[in-house]
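First the structure, in the form of C-alpha cells, and then the observations on it.
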Amino acid sequence: MISVEDLEAGYGEIAVLREIRLRVDAGEVVAVIGSNGAGKTTLLKAIAGLVRPRKGRILHGGTRIDGVPAHQVVRRGIAYVPAEREIFPHMTVLENLMLGAYAGRDRREKRSLLRSAYTLFPRLEERARQLAGTLSGGEQQMLAIGRGLMSKPSVLLLDEPTTGLAPMMVAEMYRQLHRLKGEGLTILLAEQQVPMALALADRAYVLESGWIRTEGPSARLLEDPAVRTAYLGVA
Ligand SMILES: Nc1ncnc2c1ncn2[C@@H]1O[C@H](COP(=O)(O)OP(=O)(O)O)[C@@H](O)[C@H]1O
Ligand SMILES: [Mg+2]
C-alpha cells in the first residue's frame, strides 16, 4: 500500500530522517515508535506531502507520491491526522466533519460517511451542533480522526492520537483504534505510548534520532530487551 525507500528529509540545512525504509501493507496497522524529537512527525508529514523529501522515494500502490502536493495526496486516499488536532474551533462538530468530505462526493455518500464517523464516535453525534472549540481534548481528537475518515481514506496516518489525554481517554481512544483496525482500515501510527501502540499494531519500527534502529512484528519487539529497557521501562 505504502512503501518508503531510502528516504531522507529535514528542514532547511537540518537533516532529520536518514535512510528510512518502511512499508505498510493493505489492512495492516503499523506503528512508528520513538521518543520526542525522533522524527516521527517528519516521517508522517513526508508521506502526507507536507515535508518534501530530499532523497529517496515514497510509493502508494506502486505510484510515486514524493513531491506530490498534500491536497493531491489526500485525494489519493491518504489521510493525515496531525497531533495538533487542527480542527476549526468556531465551527460546529458537524461542519468540521463535513469539511473532511471533499467536494465532488454526492450527498448520499457524504451522509453514509458521516454515519460511519458517528458510529465510531457516538460522542460526535451527541455534540454535532456544538462548537468544536468547546470539546474536551479527547473529543477534539475524535473529531480530527472523524474528519480524516470523512475523506474515505485507504490509509490513515495518525500522529500521536493520545498526546495530552487523560488516561481514561487514552484507553477509550485505543478501543476505537482497535475498532478501526477491525474494520480493515490500513493505519500508520506514530506513538510514544509504546505498550498500547504495540498491542494494536501488527508491526512496528523503532525510530531513534532519525534512523530506524529496529523493526519487526509487535510481539517480537515486546520481547526485545533493548526495546523493553528504552520504551517499556523494564530494567
Ligand atoms: N519545522 C521545523 N523546523 C526545523 N526543525 C524541525 C521542524 N519540525 C521538527 N524539527 C526538528 O526535527 C526533529 C524531529 O522532529 P519530529 O519529526 O517532530 O519528531 P517527533 O515527532 O518524533 O517528536 C527534531 O529535532 C525537531 O526539532
Ligand atoms: Mg511528533
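In this text the structure is predicted, and so the values were computed from the model without any measurement. In listed order, ligands and their atoms are each counted from 1.
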[atom]: the protein heavy-atom neighbour that sits closest, reported with distance to 0.1 Å:
atom: atom 18 (O) of ligand 1; answer: T41 CB, 3.6 Å
atom: atom 19 (O) of ligand 1; answer: G39 N, 3.1 Å
atom: atom 25 (O) of ligand 1; answer: G37 O, 4.1 Å
atom: atom 22 (O) of ligand 1; answer: K40 NZ, 2.7 Å
atom: atom 5 (N) of ligand 1; answer: Y11 CD1, 3.4 Å

Indicate yes or no: does an N/O atom of E160 lie under 3.5 Å from an N/O atom of ligand 1?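 In this structure, E160 places no N or O atom under 3.5 Å from an N or O of ligand 1.
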
Relative to the heavy atoms of [X], which atoms of ligand 1 are at a distance of less than 4.0 Å?
X: N36; result: 23 (O)
X: V16; result: 12 (O), 13 (C), 14 (C)
X: A38; result: 19 (O), 20 (P), 22 (O)
X: S35; result: 22 (O)

If you scan the protein for heavy atoms around atom 16 (P) of ligand 1, do you find one that is closer than 4.0 Å?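 Under the 4.0 Å cut-off, atom 16 (P) of ligand 1 does have protein heavy-atom neighbours.
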
Between T41 and the Mg ion (ligand 2), is there a contact where an N/O/S atom of the residue lies under 2.8 Å from the metal?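 Checking T41: at least one N, O or S atom is under 2.8 Å.
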
With side chains defined as the heavy atoms from C-beta onward, is the minimum distance between R76 and T63 less than 4.5 Å?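 Yes. Closest side-chain heavy atoms under 4.5 Å.
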
Tell me yes or no: between the side chains of E191 and T162, is some donor less than 3.5 Å from an acceptor?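 The criterion, which ignores hydrogens and geometry beyond distance, is satisfied for T162 and E191.
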
For the atom pair [atom1] ([X]) and [atom2] ([Y]), what is the distance rounded to the nearest 0.5 Å?
X: I2; Y: I58; atom1: CD1; atom2: CD1; value: 8.5 Å
X: L131; Y: H90; atom1: CG; atom2: NE2; value: 8.5 Å
X: T134; Y: Q140; atom1: OG1; atom2: CD; value: 8.0 Å

Is a salt bridge present between E125 and R115, judged by a nitrogen-to-oxygen distance below 4.0 Å?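 Salt bridge: yes.
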
Can you name the nearest heavy-atom pair linking P53 to L7, along with the distance?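 So the minimum-distance heavy-atom pair works out to CB-CD1, 3.3 Å.
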
Please check this pair: side chain of R21 against backbone of S3, looking for a donor-acceptor N/O pair closer than 3.5 Å.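 Such a contact is absent between R21 side chain and S3 backbone.
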
